[in-house]
Q: 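A single structure is presented below for examination.
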Amino acid sequence: MRKLLILSMCLQLYIGSECSTLPKKIKKCHFGDATCIRDTANALIRSFPKGIPSVGFKPIDVVHVKDTVLINDRQVGGAWYFFDLLNQINYGFENTTITEIKGFDEDPSLTKIEVKGHLPRLIYRGTYNAQGRLLWLININSSGVSESEFLNFHFDFTLKVQTEYRNNKRYLKIYQLVPNISVDRWIQWLENFFPENTDLTIFINKIFNANWVEFWNELEKPILEVFTGVFLSIIEDIFHNVSYDDMFLSNKYENNDN
Ligand SMILES: *[C@@H]1O[C@H](CO)[C@@H](O)[C@H](O)[C@H]1NC(C)=O
Ligand SMILES: *[C@@H]1O[C@H](CO)[C@@H](O)[C@H](O)[C@H]1NC(C)=O
Ligand SMILES: *[C@@H]1O[C@H](CO)[C@@H](O)[C@H](O)[C@H]1NC(C)=O
Ligand SMILES: *[C@@H]1O[C@H](CO)[C@@H](O)[C@H](O)[C@H]1NC(C)=O
């Protein structure tokens with residue numbers, strides 16, 4: 001009976017670990033080997049733009065973003081504004097180049113994990129709702145298709161992680177992700193902003209695009225919140241599904257492999 005129990009436990013462990021290892025063609029790195037880890041990350045991105053469903057690596061060519069309230073000014077005085085983005089999808093992360101990765105040491109809690117990269121063009125498409133009033137004069141109450149294009153999108157993010165044990169293996173749990181982002185240009189098109197006046201819609205979009213830096217600076221906080229969610233959604237499930245000990249090769253002489 002005891003033997004049977006052990007056998008079935010091993011079987012479970014075996015199947016469990018078989019199901020959650022990265023494909024063989026992806027080169028495994030030693031813990032903390034920054035150059036190797038960066039190259040492997042790039043190989044993963046290049047080879048699997050549609051993700052690897054069996055390990056929870058989600059598609060990166062089409063990234064769904066949760067609905068976001070970008071502006072929610074208090075509705076007072078002559079100018080108030082509400083702007084939210086719905087059903088947003090990001091296109092272009094499959095063209096990401098990772099330039100630097102730090103951390104991922106044998107004990108991941110000791111050093112800060114940092115990931116840096118860039119992509120030539122990030123498209124952000126969905127629908128928007130806008131409500132507001134400009135200078136007591138113009139009422140805004142519109143919704144429609146919105147599309148943003150971020151050129152030369154540079155990002156980095158730092159992670160704070162904990163490890164948790166499952167089946168005697170360590171899994172990373174992210175408890176904080178802090179992103180930093182810069183772009184060379186933000187081009188936006190809000191369709192139908194003034195439903196009854198196409199000229200005014202074009203005019204407003206022109207104003208926006210001519211002054212995108214001000215909007216970017218003004219909206220930096222909610223934008224960073226959006227991308228915190230985006231980066232988390234890309235990496236969180238991999239760490240949840242593939243154990244940290246299976247992702248990397250140990251630097252210790254004692255081999256922990258079964
Ligand atoms: C990966 O983890 C997520 C939860 O983070 C879970 O919903 C999903 O089913 C897992 N996928 C696999 C293949 O284990
Ligand atoms: C990603 O790169 C490919 C190949 O260069 C290109 O065809 C595609 O348009 C790029 N994606 C985006 C969103 O720019
Ligand atoms: C805004 O427009 C929607 C439909 O386009 C309408 O139902 C709603 O009452 C309008 N809100 C205001 C404050 O005018
Ligand atoms: C964010 O990135 C910019 C350059 O891209 C840099 O100047 C700035 O110091 C970074 N901020 C943080 C908090 O890392």
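Small disclaimer: the values here were computed from a predicted structure and weren't measured. Each ligand, and each atom within it, is numbered from 1 in the order the structure gives.
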Q: Determine whether V183 and H154 make a side-chain contact, defined as any pair of heavy atoms from C-beta on separated by less than 4.5 Å.
A: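 Counting from C-beta outward, V183 and H154 never come under 4.5 Å.
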Q: Between ligand 2 and the protein, give all atom pairs where both partners are nitrogen or oxygen and the distance is under 3.5 Å, as lines of names plus distance to 0.1 Å.
A:
unit_1	atom_1	unit_2	atom_2	d
ligand 2	2 (O)	N95	OD1	2.9
ligand 2	2 (O)	N95	ND2	2.4
ligand 2	11 (N)	N95	ND2	3.0
ligand 2	14 (O)	R121	NH1	2.8

Q: So how far is it from Y124 OH to E147 CD, rounded to the nearest 0.5 Å?
A: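 Going from the OH atom of Y124 to the CD atom of E147 covers 12.5 Å.
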Q: I'd like to know whether the aromatic ring centres of Y244 and Y171 sit less than 6.0 Å apart in this structure.
A: no
Q: Indicate every side-chain donor-acceptor pair of residues 213-233 with a distance under 3.5 Å to a residue at least two apart or in another chain.
A:
unit_1	atom_1	unit_2	atom_2	d
N217	ND2	V213	O	3.4
T228	OG1	L224	O	2.7
S233	OG	V230	O	3.1

Q: Less than 4.0 angstrom from a charged side-chain N to a carboxylate O is my criterion; do R121 and E149 meet it?
A: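 Yes, charged N to carboxylate O under 4.0 Å.
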Q: What's the shortest heavy-atom distance between S146 and L85, and which atoms?
A: OG-CD2, 3.7 Å
